[in-house]
Every structure is written in C-alpha cells, then in structure tokens.
Amino acid sequence: MRRHTRVAVRTQGGVMPDRRAVGGLSAIVAVGVLGWAATLGPFVAAAVPTPPKPEAGPGGQVTNLSRGGELFQTSCASCHGQQGQGTPNGPPLTNAGAASADFMLRTGRMPQPAPNTSVRRPNPAFSEQDIQDLVAFVASLGAGPPIPNVQVSATTDTAAGRAAYIATCAACHGAGASGDAVGGGAFAPSLHATAPTQVGEA
C-alpha cells in the first residue's frame, strides 16, 4: 500500500499545499468548533432572557402577570403596598381576589385620585387589557374569591332577587335602585346600568 506523505507540491510560483492535507485540517477545525458550540451553547442560551408568556387569568382571558405587576406598582402600590400588604392609606389586597379587583377597576372606583377620599364611580381609568392584567396580578396575591359567573335567564327567580335586594342593598341604593345619599357626604350610585357580573362581585 502506498503511503501519501506529501503535504505540499512545488510549483513554478512557489509551494502549493496538498489538497488532502488542507481538507483534513478543515475537518479538524470544524470538529473543534462544533465541540466548543456544544459546550457553551447552554450557557449562551441561559444568558438570553425569555419574555414572560401570557397566562390564563380570571374568566379564561389571556393576561400578563408581569405587566399587571408593573401597572400595580405605578398605580396602586402607593396606597396598597408593593406586595398588596396594605398601608395607612389603603387596605391590604392579599385576599381581595379577582372579584373585588375586577369590580373596583371596571366601575372606576379605583384608583382614587388621592388617599382617603370618598369612593366615586367615574369611567374606568384603564383599558380592557390593563384591567385584565391588573386583576390577574391582584388575584395572584392570595386566595380571594374569583369573578363570579352570573347567568341571568328567563328562569331566574326575580322575586327572590328582589327580596334579597330589599334586605341587603335598598338601604343605600334605594328601593328602586336609583341611588341615594347615605350620609357623611357619600352617595350610593344608581344600579340601573349595572352588569349582572358586577352585582355578583359586589
């Protein structure tokens, strides 16, 4: 068997490397690069941050807990604490749950313009997606009640509902649910345009 020992051939212009030798050297370099990539690959991948994935929040809507946390810190934490633990300016939210947060945000009761002011009911201060993200974050702070699934149909017992309303709601909102003053400068709003889910949350 002939052995190939030449690694270069002499030409008129100089010395030209043997193609087989160059090919072998290229293969060695390629294997070395692949080995280096396999060794450092997991570390490089771990160094690249992964954006938080949207999660299913109360009611099944797609929410982003990270964004909800950011909104909470900028709009709620000054009164309720960074972890919802409460402060002298606002009660704790650790067990408020999704129902309370959804009710207060959708009816515009929160956030208040200043601490310890009368609760009012203007238009919501946040967009639909912002409300969903905030509600998901508040719900993650504890084990409070979820958003109720209130279904009103032709078989709903309105007589029983009226009896419950008179017993627990009419003293503030009036017998006809048109709203009424409750003393101390506070006013219970009309409930005529209130969504069934908000009645359940309240």
Side-chain angles (χ1 to χ4, degrees), residues 56-63 65 68-69 71-72 75-81 83-202:
Q61 71 270 19
V62 177
T63 59
L65 281 178
L71 290 170
F72 184 88
S75 302
C76 314
S78 60
C79 290
H80 296 287
Q83 301 300 320
Q85 74 275 15
T87 74
N89 292 325
L93 301 180
T94 47
N95 289 312
S100 178
D102 187 73
F103 175 79
M104 299 301 280
L105 293 169
R106 287 191 185 281
T107 58
R109 288 174 165 86
M110 290 292 159
Q112 289 184 302
N116 303 315
T117 57
S118 298
V119 176
R120 78 270 187 257
R121 187 180 180 177
N123 293 325
F126 296 98
S127 68
E128 174 66 22
Q129 186 62 55
D130 287 348
I131 290 176
Q132 292 178 6
D133 293 343
L134 269 168
V135 168
F137 177 78
V138 173
S140 73
L141 297 177
I147 297 174
N149 182 19
V150 179
Q151 300 294 329
V152 179
S153 66
T155 60
T156 301
D157 190 344
T158 55
R162 178 173 178 78
Y165 175 84
I166 295 297
T168 59
C169 313
C172 292
H173 294 282
S178 58
D180 201 359
V182 295
F187 187 86
S190 169
L191 303 179
H192 291 173
T194 303
T197 297
Q198 291 176 5
V199 174
E201 290 171 338

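Just the heavy atoms: all of them, side chains too, but no hydrogens, waters or symmetry mates, feed the values below. Positions are given from 1 along the sequence.
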Nearest heavy-atom approach of Pro111 to Phe126 is CD-CE1, 3.4 Å

Does Asp180 reach the main-chain N or O of Cys172 with its side chain, forming a donor-acceptor pair under 3.5 Å? no

For side-chain contact (heavy atoms from CB on, under 4.5 Å), just list the numbers for Leu71 and Phe137, CA-CA rounded to whole Å, side-chain angles, deciding distance to a tenth of an Å, and then say yes or no. CA-CA 9 Å; Leu71 290 170; Phe137 177 78; over 6 Å; no

Ala99 and Pro146: which non-hydrogen atoms are nearest, and at how many Å? CB-O, 3.3 Å

Supply the atom-to-atom distance Glu128 CD to Arg106 CZ, rounded to the nearest 0.5 angstrom. 4.0 Å

Side chains of Leu134 and Cys76, heavy atoms from C-beta outward: is any pair under 4.5 Å? yes

Rounded at 0.5 Å granularity, tell me how far CD in Glu201 sits from OG1 in Thr194. 11.0 Å

Non-hydrogen atoms of Pro124 and Ile131 that approach each other most closely: CB-CD1, 4.4 Å

Nearest-0.5 Å distance, OG of residue Ser127 to CG of residue Asp133: 8.0 Å

Side chain to side chain, Ile147 and Val135, heavy atoms closer than 4.5 Å: yes

Compare every heavy atom of Ala188 with every heavy atom of Val182, then report the nearest pair and how far apart it is. CG1-CB, 4.0 Å

Which residues satisfy the salt bridge (charged side-chain N to carboxylate O under 4.0 Å, His left out) test with Asp130, sequence neighbours excluded? Arg67

So, the side chain of His192 versus the backbone of Gly176: is there a donor-acceptor pair under 3.5 Å, distance only? yes

What pair of heavy atoms forms the shortest contact from Asn95 to Gly142, and how long is it? OD1-CA, 3.9 Å

Could you give the distance from CD (Gln198) to CG (Asp102), rounded to the nearest 0.5 Å? 7.5 Å

Under the rule for ring pair (Phe, Tyr, Trp, His ring centres under 6.0 Å), what residues qualify as partners of Phe103, not counting sequence neighbours? none

Looking only at non-hydrogen atoms, find the nearest pair between His80 and Pro91 and report the distance. ND1-O, 2.8 Å

Counterpart residues, side chain to side chain donor-acceptor pair (under 3.5 Å), relative to Arg109 (two or more places apart): Thr107

Is there side-chain contact between Val199 and Val150, with at least one heavy-atom pair below 4.5 Å? no

Would you say CD of Gln85 has more than 12 non-hydrogen atoms from neighbouring residues, nucleotides or ligands within 6.0 angstrom? yes

Does some side-chain heavy atom of His173 sit less than 4.5 Å from a side-chain heavy atom of Ser190? no

